[in-house]
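Residue numbers start from 1 in every chain, and the chains themselves are labelled A, B, ... in the order their sequence lines are given, proteins ahead of strands. All values below come from the heavy atoms of this structure, side chains included, with hydrogens, waters and symmetry mates left out.
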Amino acid sequence: MDSVRALTLIVTMAFLVLAMPAEVALGHGVELSVAPHESIEVNAAYEAGEPMAGAQVAVFAPGEPAEPWLRGSVDEEGRFFFVPDSDRPGTWEVQVRQAGHGGIVRIEVEPAGVVEVTGGGLTPLQKALMAACVLWGSIGTALYFKRRAV
Amino acid sequence: MHVPDGIVPVSVAAGGFAAAGGVTWLSLRKIERAHTVPRNGVPKASLLTAVFFMASLIHFPVPPTSVHLVLSGLMGVVLGWYAFPAILVGLFLQAVMFQHGGLTTLGVNACIIGIPALLAHRVFTLRTRFGARRRAAGTAALGFVAAFVAVALGAAAASLLIVTTVPAHLDAVVERTAVTALLFAHVPLGVIEGMFTAIVVLFLLRVQPGLLEERF
């Protein structure tokens, strides 16, 4: 009779130990797995070239312009990495902002992966050409209004 | 100092357009009343618009950030009431060509940069109080002060606007710290623009004093 009672006690205790929360019971086991993913790198720099270190980033998932899907900040080199959820295809928007400066880039994501990135800067040549056009327009305007009435 | 698209709420952008429209109307009316041939001022305004447009491409490093020339003070000092429409056109071109500033914030930016320019002109007109002997020194000094005031007021107005309209999804404290840093970076810019404006007005006083006679 005593041995039966002792056995019951042991079984009950074993159950109790096993029924404890998993984190406690299996606290030493850590499983790390690695899977390659196509991540997006956002580079944020001011026009003069220096990185927007510490600028705040908000990532908006398609169809959800009000609440950011992810928040973060760019690193010292002005970079920010994230992996968009490929189950949510559409236009993802990444907004970078620091001290009222900032911009938005749009990334087209399809189930197969990233397709297209829109929103980029101009080359120095394009800039110079546009500046020259404006300059010439202004000089032309000045000359036009300067001419004497006939 | 140029507020880009998507930073301020729609109501602020609309208010900016309303205010800029009002000041433009006022400027044009004042120009019409003050000049018998208003178009005579257009060549000067046109050339300074080009200078204003190009100025924003010139950057100065002020660690940890960098600032660019605005020249709102110079515009106001030399152009008087012509300054506001000229700045409006310059900002429009900057927004369209270089995405510097934005079309939705054109009104807001015109107010931030244009109204201090008009105030700078008011400051500069105080030079008539200097006697003929101290005319040059007084003109240079007031050119400096007018340009510094224009930069300081513009930077302060832009900072205030940005800080008070931080969207909920951003960390307001981080943004405020960054804005404060940028605000102080405009102090050296004010000095640079002040010196530049002083040199320009001294030069104009020597070679073509008539160009500085724009009146309110």
Q) Would you say the ring centroid of B:Y82 lies under 6.0 angstrom from that of B:H35? A) yes
### Message
Looking at B:H59, is its backbone amide N or carbonyl O close enough to the side chain of B:H68 to form a donor-acceptor pair, meaning the two atoms are under 3.5 Å apart?
### Response
no
Bottom line for A:A131: the part with an atom under 4.5 Å from chain B's heavy atoms is both
Ring-face cation of A:R147 near A:F145 (centre distance under 6.0 Å, axis angle within 45°)
no
Cut-off 4.5 Å, heavy atoms of chain A, and the answer for B:L93 is side chain
When the 4.5 angstrom heavy-atom criterion is applied to B:L182 and chain A, the contacting part is side chain
Value for CG (B:L69) from CZ (B:F196), rounded to nearest 0.5 Å, stands at 7.5 Å
Residues of residues 88-95 of chain A with a heavy atom under 4.5 Å from any heavy atom of chain B, in residue-number order, are A:Q95
Residue pairs passing the salt bridge (Lys or Arg N to Asp or Glu O under 4.0 Å) test with at least one member in residues 68-80 of chain A, sequence neighbours excluded, are A:E67-A:R71, A:D75-A:R79, A:E77-A:R79
Centroid-centroid distance, A:H101 to A:Y46, less than 6.0 Å: yes
Applying a strict 4.5 Å limit to non-hydrogen atoms, the region of B:V166 in contact with chain A is both
Any donor and acceptor pair, going by atom type alone, linking the side chain of B:N109 with main-chain N or O of B:V3 inside 3.5 Å? yes
If one checks every heavy atom of B:M97 against chain A at 4.5 Å, the contacting part turns out to be both
Given the ring of B:F98, does A:K127 sit roughly above its face, with NZ or CZ under 6.0 Å from the centre of the six-membered ring and within 45° of the axis?
yes
